[in-house]
Amino acid sequence: MDTRALLMGLAFAVMWSSAFTSARILVADAAPIWTLAIRFVVAGLIGVGVGLATGGQFRLSRAQWLAVVIFGICQNALYLGLNFVAMQTVTASVAAIVASTMPLLVAVASLFGLSERLRPVGVLGLVAGFAGVALVMGSRISAGVDLFGLGLCVVGVLALTMATLAMRGTGSGGNVMTIVGLQMIVGAIPLTVYAVVNEPFFLEFGPTWGLAFAYTTLVPGLLATWVWFQLVNRIGPVRAATFHFLNPFLGVAIAAILLGERLGTRDVMGVAIIAGGILIVQLSRPLRR
């Protein structure tokens, strides 16, 4: 792995992990689904505009259109929609920890559903990762975490896992920013329909909310997704996914620093175990481009 890929991976991990904190700020003062739908419309138009301006086009392959639809619905609409609703009642650190289990869930699904070979050390990593989740969540549940919100986070990460598995073999060529923008627009469609039918619009606008909206739209939304696709193209999906081991650390740390969320000894131990488990699982898997 070269220096550029290393820096790209670190940048992606920081941007992706910070999204939970900025989302928590947004849903505190606005309708969550409306906020997410508007964010995707804005980000999608920017992404498509930038993509077209840099040589992109709408003539994508069938596999690329499939990727646009799958990611748009499963990641943007389902995963993020459920997380935005959940973070009205659960902390950003809880949402980040649940979401960080995605590489572990992908490994489990690949092992049992796709007959992917996993070395014994990889199985040990899976056990350690889920043990870390149990340690952290046991502490949070005993402290009174909202179980409905936690359940929404779990369903959301399952949707993200399905999207990740379905994306295998779809290809990622072409103008990346155009594809990212189209995914945002696809995700905005079901969210907008749901919001119109089921969610009263409200917004208490202020400078902090405006800054969080702009940041969430441009950085974790557009830039992080673009960096991720570039990273996968550069070093392959397995090596790229290794950077997910940083997300539990960073997600909890950013929420603690910016939102003052509680960070106890069991949280630190659990997050360290989760991160170690993710790293072991990723390093034990066969490399494929």
K.L.:
Atom CG of Leu10 and atom CG of Leu231: how far apart are they, to the nearest 0.5 Å?
P.N.:
10.0 Å

K.L.:
Please check if the side chain of Glu199 supplies one atom and the backbone of Ile33 the other of a donor-acceptor pair under 3.5 Å.
P.N.:
yes

K.L.:
Indicate, with yes or no, if Leu259 and Leu150 share a hydrophobic cluster defined by side-chain heavy-atom contacts under 4.5 Å among Ile, Leu, Val, Met, Phe, Trp and Tyr.
P.N.:
no

K.L.:
I'd like to know if the side chain of Thr54 reaches the main chain of Gly51, judged simply by a donor and an acceptor atom lying under 3.5 Å from each other, with no hydrogens or angles considered.
P.N.:
yes

K.L.:
Measure the shortest side-chain to side-chain distance between Asn83 and Val98 over non-hydrogen atoms and say whether it is less than 4.5 angstrom.
P.N.:
no

K.L.:
Sequence neighbours excluded, which residues qualify as side-chain hydrogen bond (donor to acceptor under 3.5 Å, both in side chains) partners of Ser22?
P.N.:
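Partners of Ser22 under the side-chain hydrogen bond (donor to acceptor under 3.5 Å, both in side chains) test: Thr216.
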
K.L.:
Are Phe205 and Phe84 connected into the same hydrophobic cluster when the rule is that any two of I, L, V, M, F, W, Y join if their side-chain heavy atoms are below 4.5 Å apart?
P.N.:
yes

K.L.:
So do Val180 and Phe71 actually touch side chain to side chain, heavy atoms under 4.5 Å?
P.N.:
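No, side chains not in contact.
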
K.L.:
Given the rule in the side chain to side chain contact (heavy atoms under 4.5 Å, CB included) test, do Leu191 and Trp34 qualify, once you have shown the distances and angles that lead to the verdict?
P.N.:
CA-CA 7 Å; Leu191 291 172; Trp34 274 111; over 6 Å; no

K.L.:
Just how far is it from atom CD1 of Ile278 to atom CE of Met102, taken to the nearest 0.5 Å?
P.N.:
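Here the interatomic distance stands at 9.0 Å.
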
K.L.:
Using side-chain heavy atoms (C-beta onward) and a distance below 4.5 Å, is Phe243 in contact with Leu6?
P.N.:
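Sidechains of Leu6 and Phe243: in contact.
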
K.L.:
With a sphere of 6.0 Å drawn around CZ of Arg262, does it hold more than 12 non-hydrogen atoms of other residues, nucleotides or ligands?
P.N.:
yes

K.L.:
May I have all residue pairs that pass side chain to side chain donor-acceptor pair (under 3.5 Å) and include part of residues 245-254, sequence neighbours excluded?
P.N.:
Ser17-Asn247, His244-Asn247

K.L.:
Starting at CG of Leu105, measure out to OG of Ser100 and round the result to the nearest 0.5 Å.
P.N.:
9.5 Å

K.L.:
Can you hop from Phe20 to Val268 via hydrophobic side chains spaced under 4.5 Å?
P.N.:
yes

K.L.:
Evaluate the side-chain proximity of Ile38 to Phe201: yes if any heavy-atom separation is below 4.5 Å, no if none is.
P.N.:
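Phe201 vs Ile38: side chains touch.
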
K.L.:
Please tell me whether Ile189 and Val196 are part of a single hydrophobic cluster in this structure, the criterion being side-chain heavy atoms less than 4.5 Å apart.
P.N.:
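Not linked; separate clusters.
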
K.L.:
Any chance you could pull the hydrophobic cluster mates of Met269, using side-chain heavy atoms under 4.5 angstrom and chaining through other members?
P.N.:
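Result for Met269 is Leu135, Ile273.
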
K.L.:
Evaluate the criterion side chain to side chain contact (heavy atoms under 4.5 Å, CB included) for residue pair Val186 and Ile73; output intermediate values, then yes/no.
P.N.:
CA-CA 7 Å; Val186 168; Ile73 294 177; 4.1 Å; yes

K.L.:
What are the two closest non-hydrogen atoms of Ala275 and Phe245, and how far apart are they?
P.N.:
CB-O, 3.1 Å

K.L.:
Would you name the heavy atoms of Ile141 and Leu147 that are closest together and state the gap between them?
P.N.:
CG1-CD2, 4.2 Å

K.L.:
Holding to side-chain hydrogen bond (donor to acceptor under 3.5 Å, both in side chains), I want the full list of residues that pass it with Asn76, two or more places apart in sequence or in another chain.
P.N.:
none

K.L.:
State which residues pass side chain to side chain contact (heavy atoms under 4.5 Å, CB included) with Ala30; sequence neighbours excluded, sorted by chain then number.
P.N.:
Thr35, Leu203, Trp209

K.L.:
Is the side chain of Thr91 donor-acceptor paired with the backbone N or O of Val94 at a distance under 3.5 Å, no angle test?
P.N.:
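Answer holds: yes.
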
K.L.:
Starting from the C-alpha separation in whole Å, work towards a yes-or-no answer on side chain to side chain contact (heavy atoms under 4.5 Å, CB included) for Leu82 and Cys153.
P.N.:
CA-CA 6 Å; Leu82 290 168; Cys153 290; over 6 Å; no

K.L.:
Can you list, by chain and residue number, the hydrophobic cluster partners of Leu124 when the side-chain cut-off is 4.5 Å?
P.N.:
none

K.L.:
Using only atom types and a distance under 3.5 Å, with no angle test, would you say the side chain of Arg39 pairs donor to acceptor with the backbone of Phe213?
P.N.:
no

K.L.:
Hey, what do you get for CH2 (Trp226) to CZ (Phe12), rounding to the nearest 0.5 Å?
P.N.:
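Those atoms lie 13.5 Å apart.
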
K.L.:
For the residue pair Arg140 and Ser93, confirm or rule out a side-chain donor-acceptor distance under 3.5 Å.
P.N.:
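Yes, Ser93 and Arg140 have a side-chain donor paired with an acceptor closer than 3.5 Å.
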
K.L.:
Once rounded to the nearest 0.5 Å, what's the spacing between atom CG of Leu80 and atom CE of Met87?
P.N.:
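It is 8.0 Å, given to the nearest 0.5 Å.
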
K.L.:
Which value, rounded to the nearest 0.5 Å, describes the distance between Thr21 atom OG1 and Ile25 atom CD1?
P.N.:
7.0 Å

K.L.:
I need the minimum non-hydrogen distance between Gly221 and Met184, along with the two atoms involved.
P.N.:
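Of all heavy-atom pairs spanning Gly221 and Met184, the closest is O-CE, 3.0 Å.
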
K.L.:
Return the minimal non-hydrogen interatomic distance between Ala86 and Gly149, and the atom names on each side.
P.N.:
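Closest heavy-atom pair between Ala86 and Gly149: CB-O, 3.3 Å.
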
K.L.:
Would a distance-only check, ignoring hydrogens and angles, find a side-chain to backbone donor-acceptor pair under 3.5 Å from Glu261 to Ala92?
P.N.:
yes

K.L.:
Does Met177 form a side chain to side chain contact (heavy atoms under 4.5 Å, CB included) with Leu222? I'd like the steps, not just the answer.
P.N.:
CA-CA 8 Å; Met177 189 57 76; Leu222 279 173; 4.0 Å; yes

K.L.:
Are Val219 and Trp228 connected, step by step, through hydrophobic side chains (Ile, Leu, Val, Met, Phe, Trp, Tyr) whose heavy atoms are closer than 4.5 Å?
P.N.:
yes

K.L.:
Are Ile185 and Val41 side-chain neighbours, meaning at least one heavy-atom pair lies under 4.5 Å?
P.N.:
no

K.L.:
What are the two closest non-hydrogen atoms of Leu152 and Val85, and how far apart are they?
P.N.:
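Of all heavy-atom pairs spanning Leu152 and Val85, the closest is CD1-CG1, 3.7 Å.
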
K.L.:
For Phe40 versus Gly187, what's the shortest heavy-atom pair and its separation?
P.N.:
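Smallest interatomic distance, heavy atoms only, reads CD1-C, 4.3 Å.
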
K.L.:
Counting neighbours of CZ on Phe130 that are heavy atoms of other residues, nucleotides or ligands and sit closer than 6.0 Å, is the number greater than 12?
P.N.:
yes

